[in-house]
**Student:** 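Below are the structure tokens for one structure; questions will follow.
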Amino acid sequence: MTTPPSSRGARQQRQQRQQRQQRQQLIVDHVLAQGDATVSELVELTGVSLMTVHRDVAELADRGILRKYHGGVSAQPSMVFESSSDFRLHAHTDEKRALARAALRFVAPGTSVMLDDSTSALALARLLPEVGPLTVVTNYRLITEELRSAEGIRLICVGGEYSRTHDSWIGLPALDMISGISVDLSVLSTSGITAGMTFHQEQEIVSIKRATRQAGATSVLLMDHSKVGRRALHRLESVDSFDHVLLTGPVDEELLREMRELTDVRVVETE
């Protein structure tokens, strides 16, 4: 019995879709590991045509996973573009764990904590079951996954428009919800900090992070050394808006002195 043409066509479409997904995952894994890649490098990696690679890269860029530039693709942040959540998960992990351990000292049992969609806040979220009971508010999907089964954690999830790049919920619904909540402690990170100002690449994320900082009676900013002395397109909050700033070194001594004139700044040793 022969297979009807319609069945063969459907099977071929499934195979092509699966091949495209596998090829795009290969591209993503390579770029996340290397930080960036040229188009010719991706052609050699995947073994497909230049046109096919261009289509794959365009689709991944539209989904917010990678960022296109002339002749290549990048997962690294720039002054204008934030890196994806997937890339940030694999960057400076030891420093983020050290920052999280230092930030845990500000968390007391029975209190409420708001965490932003940073991977530094995610590192802290993994430690929170040690403290409980706690109420935790977040717009970051990975934090909800981390804490949804944790005993002693009352979890409040912020909804809104889902961002694939940040793997979090943003937009006006998220902003309205965050603005209507008051917590004991807010913990967040951002893309850059100078002696007097913090920065982020995206205006919409700036609004969410401002509301997150303002929701806390006490606010803690977590910054690994790669962000110190760096700017981005949009100003977020002045350094003295945060009650505590935790950094990993090395940090320029003059920069550190200027920051300490504005607020409590602590340099955390990496394990």
Side-chain angles (χ1 to χ4, degrees), residues 3 5-93 96 116-123 125-126 138-146 148 157 159-171 174 189 191 200-205 208 224 226-227 232-233:
T3 304
S6 59
S7 298
R8 289 198 300 270
R11 186 169 63 248
Q12 289 174 349
Q13 288 179 349
R14 286 195 300 271
Q15 290 173 343
Q16 290 171 354
R17 184 166 57 249
Q18 185 179 34
Q19 290 171 354
R20 183 174 69 253
Q21 290 171 347
Q22 291 172 344
R23 187 175 63 248
Q24 290 182 357
Q25 188 61 55
L26 181 64
I27 291 172
V28 170
D29 290 343
H30 179 77
V31 177
L32 290 179
Q34 302 298 322
D36 55 23
T38 64
V39 171
S40 58
E41 185 179 340
L42 297 179
V43 169
E44 183 177 352
L45 175 72
T46 58
V48 296
S49 69
L50 178 64
M51 187 63 68
T52 299
V53 166
H54 275 299
R55 284 197 297 266
D56 285 340
V57 166
E59 184 175 335
L60 291 168
D62 289 342
R63 289 162 56 192
I65 298 174
L66 300 176
R67 174 171 57 87
K68 290 193 299 182
Y69 62 86
H70 182 67
V73 62
S74 177
Q76 296 179 351
S78 70
M79 282 281 289
V80 179
F81 295 97
E82 166 71 309
S83 55
S84 69
S85 173
D86 286 340
F87 179 76
R88 289 183 281 117
L89 280 171
H90 298 92
H92 310 291
T93 54
K96 291 171 184 176
D116 76 345
D117 61 354
S118 65
T119 50
S120 296
L122 174 61
R126 291 169 175 153
T138 189
N139 67 322
Y140 194 13
R141 185 188 67 82
L142 293 180
I143 291 179
T144 65
E145 289 295 315
E146 187 70 32
R148 65 189 180 91
C157 302
E161 178 186 350
Y162 179 69
S163 166
R164 292 185 179 89
T165 301
H166 303 283
D167 202 2
S168 62
W169 286 269
I170 60 173
S189 184
S191 300
H200 197 276
Q201 296 94 332
E202 300 173 43
Q203 183 61 55
E204 192 168 31
I205 303 300
I208 295 289
D224 69 68
S226 70
K227 302 175 178 181
L233 184 62

**Student:** Output the distance between atom CD (Q24) and atom OG1 (T46), rounded to the nearest 0.5 Å.
**Tutor:** 10.5 Å
**Student:** Does a side-chain heavy-atom distance below 4.5 Å link N139 with I208?
**Tutor:** yes
**Student:** What I'd like to find out is whether the side chain of V73 reaches to under 4.5 Å of the side chain of L60, using heavy atoms alone.
**Tutor:** no
**Student:** If you take all heavy atoms of H200 and E202, which pair is closest and at what distance?
**Tutor:** ND1-N, 3.1 Å
**Student:** With S226, which residues qualify under side chain to side chain donor-acceptor pair (under 3.5 Å), at least two apart?
**Tutor:** H92, D224
**Student:** Work out which heavy atom in V31 is nearest to a heavy atom in A37; give both atom names and the distance.
**Tutor:** CG2-CB, 4.1 Å
**Student:** Report the residues that fulfil side chain to side chain donor-acceptor pair (under 3.5 Å) with E44, sequence neighbours left out, ordered by chain and then residue number.
**Tutor:** none
**Student:** If I compare all heavy atoms of K227 with all of S189, which pair ends up nearest, and what's the gap?
**Tutor:** NZ-OG, 2.9 Å
**Student:** Partners of Y162 by ring-ring contact (aromatic ring centres under 6.0 Å, His included), sequence neighbours excluded?
**Tutor:** W169
**Student:** Before you tell me yes or no, could you show the steps for S163 and T165 under side chain to side chain donor-acceptor pair (under 3.5 Å), namely the whole-Å CA-CA distance, both residues' side-chain angles and the distance that decides it to 0.1 Å?
**Tutor:** CA-CA 5 Å; S163 166; T165 301; 4.6 Å; no
**Student:** Supply the atom-to-atom distance E146 CD to T138 OG1, rounded to the nearest 0.5 angstrom.
**Tutor:** 11.5 Å
**Student:** Can you find a heavy atom in the side chain of I170 that is under 4.5 Å from one in the side chain of I205?
**Tutor:** yes
**Student:** Under the side chain to side chain donor-acceptor pair (under 3.5 Å) rule, collect the residues that match up with S120, sequence neighbours excluded.
**Tutor:** none
**Student:** Let's go through V39 and V57 carefully: what are the C-alpha distance in whole Å and the side-chain angles of both, what is the deciding distance for side-chain contact (heavy atoms from CB on, under 4.5 Å) to 0.1 Å, and is it a yes or a no?
**Tutor:** CA-CA 9 Å; V39 171; V57 166; 5.5 Å; no
**Student:** Excluding sequence neighbours, so at least two apart, what forms side chain to side chain donor-acceptor pair (under 3.5 Å) with Q25?
**Tutor:** D29
**Student:** How long is the straight-line distance from NE2 of H30 back to CG of D36, given to the nearest 0.5 Å?
**Tutor:** 8.5 Å
**Student:** Kindly give the heavy-atom pair with the smallest separation between Y140 and L122, and that separation in Å.
**Tutor:** CE2-CB, 4.0 Å
**Student:** Within this structure, what is the CZ-CD distance for the pair R11 and Q13, rounded to the nearest 0.5 Å?
**Tutor:** 11.5 Å
**Student:** Under the salt bridge (charged side-chain N to carboxylate O under 4.0 Å, His left out) definition, can you give me all pairs with a residue in residues 46-58, not counting sequence neighbours?
**Tutor:** R23-D56
**Student:** Hey, could you give me the CG/NE2 distance between L142 and H166, rounded to the nearest 0.5 Å?
**Tutor:** 13.0 Å
**Student:** Tell me the closest heavy-atom pair linking I143 and D116, and the distance in Å.
**Tutor:** CD1-O, 3.6 Å
